[in-house]
Number of protein chains: 2
Amino acid sequence: MKHSSPVPHELRFAVLAADAVMFTVFDGRLHVRLIPVHLPPYFSHLAGIPGGLLAPTETADQAAVRHATTKGGVLHEHLYLEQLYTFSAINRDPRNRVVAVAYLGLVPWEVLTKTAERDTAAATWVRIDKLPKLAYDHREIIRVGLERLRSRVTYTTIIKQLMPKEFTLTDLEVMYETVLGQDIDKRNFRKKVLKTGVLQVLPRERTGEQHRPAKLYRFLNRDIEPIAII
Amino acid sequence: MKHSSPVPHELRFAVLAADAVMFTVFDGRLHVRLIPVHLPPYFSHLAGIPGGLLAPTETADQAAVRHATTKGGVLHEHLYLEQLYTFSAINRDPRNRVVAVAYLGLVPWEVLTKTAERDTAAATWVRIDKLPKLAYDHREIIRVGLERLRSRVTYTTIIKQLMPKEFTLTDLEVMYETVLGQDIDKRNFRKKVLKTGVLQVLPRERTGEQHRPAKLYRFLNRDIEPIAII
DNA sequence: AAAATAGTGTCTATAAGACATTATGTC
DNA sequence: GACATAATGTCTTATAGACACTATTTT
């Protein structure tokens, strides 16, 4: 455990960290990735988002990927990250001055097949309406991340980063409803989303459910396009 | 002049800086605030945007204000600043590793009455289509700042940060046209901007020009509202 | 009266939003 | 055939965009 040095806190120069607010959606709920904080008064309870210092040869982007994967347990190839905001309040961290470049991360739940990517002792998905008391300014970082996610979802196709490869229009509608926290009219939604041309129908349907099979779709490409959807 | 220490560049930890891309509009052109860079091969030519290190007791916001005012010469009360993006490439600065939290700054030209805020030896307003060769990654920072400005202008009222207190609808239209680099239909613009309700008509007109006087308006408040205008 | 910009309205096309019924699988 | 969700269209209202003339001041 690291302790304060004799140098007064306000006089130490800042060190740089990268933190990742990662979201995923399952059970019709938004969840955020939390890890234990080994620091009083948290004593290894889930109390923070994954993050850590930048290595001397690392960019903030690289450090965000490294800590999101090693501490957050999410595989690099499943993770979308974009820079969110830089938090530089003097007393963010009680031990030393740390400036954090925060990242917004999105992961489609369906690809998280390995146990380490679901819930382990080292990292857990927690409902955003059931967050525990959090360390540092991590509640604020999550708030800003969620705000950014909700805003981006309405004028880009960033939601594709939360969807599995193939999905039905109802799946997509439910994802928008979950992220935005509001109901959407099914008929208007379908008209609008199909007209944008970002989706491709697959020749297959999703059968085996106890109702009429639904057509499967996928996004035409992986880039996030600036298109108004909702 | 600072020189490299014997420690290899890639092994030094980063220090933190705050840089400000400040824009203003005059002569119907967007301009950015540049300062001399005292470093080969620039030898005090205009080659950078104002910025500098964070003091140990300073947030990035505070450092951005400090450097924008002291090095950029723009008075604090005339300046609007918002965080833009954090640049952390390893070799941004040839001397030492510097991570820069960049800020987007806006100033209404009309308030810049003091000589120091216009053009001096220490800082100059340069047309964005006439930028010289720039130091570090400052051209990239300016590019990102301009992109952000153009994007924000279309769905918020951030343009008020470039306008004087009182202005005519033509003034406002020209400001949009200058920032966006495209013509706007006068009648549609007036209908739309008046319907948003963010403007207040003043009981005065702008007289003394050799044509019909124009009504004067001002923004109802100083906050930036998320409203689609163009 | 000439010059210069201010100020205004209509029409058309497109988009947004409210709303209910039929279709097709599984069990 | 009962159940469950998929799939679809119309009407109304609001918004966007193209477009040209009259009004008012100064000189």
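Convention: sequence-line order gives letters A, B, ...; per-chain numbering from 1.
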Specify the residue among A:R212 and B:R212 whose closest nucleotide of DNA chain C lies further upstream toward the 5′ end.
B:R212

Under 4.0 Å, heavy atom to any atom of DNA chain D: which of residues 185-208 of chain B qualify?
B:D185, B:R187, B:N188, B:K191, B:K192, B:K195

Separation of A:I230 atom CD1 from C:dA15 atom P, in whole Å?
16 Å

At under 4.0 Å, does any side-chain N or O of B:T170 touch on OP1 or OP2 of C:dA6?
yes

Using a 3.5 Å distance criterion without hydrogens, assess whether the side chain of B:Q161 forms a donor-acceptor pair with backbone atoms of B:I158.
no

Is the distance between the ring centroids of A:F26 and A:H31 less than 6.0 Å?
yes

Lys/Arg N to Asp/Glu carboxylate O, A:R206 vs A:E166, below 4.0 Å:
no

Pull out every residue in residues 171-182 of chain A that has a heavy atom closer than 4.0 Å to any atom of DNA chain D, ordered by number, or say none.
none

For the pair B:K192 (side chain) and B:I230 (backbone), establish whether a donor and an acceptor sit closer than 3.5 Å, ignoring hydrogens and angles.
yes

Expressed as a whole number of angstroms, how long is the span from B:E209:CD to C:dT5:C1'?
9 Å

Calculate the interatomic distance between A:H211 atom NE2 and D:dT5 atom C1'; express it in whole Å.
5 Å

Carefully, step by step, assess B:L162 and B:W109 under the rule side chain to side chain contact (heavy atoms under 4.5 Å, CB included).
CA-CA 7 Å; B:L162 287 169; B:W109 174 250; over 6 Å; no

Mind calculating the distance between CG (B:L169) and P (C:dA6) to the nearest angstrom?
9 Å

Hey, are B:E173 and B:K186 close enough for a salt bridge, meaning a charged N less than 4.0 Å from a carboxylate O?
no

Residues B:I227, B:Y155; criterion side chain to side chain contact (heavy atoms under 4.5 Å, CB included); working and verdict:
CA-CA 5 Å; B:I227 291 174; B:Y155 64 90; over 6 Å; no

Protein-nucleotide distance (A:L216, atom CG; D:dA7, atom C1'), rounded to Å:
14 Å

Less than 6.0 angstrom from the centroid, inside 45 degrees of the normal: does B:R29 satisfy that with respect to the ring of B:W125?
no

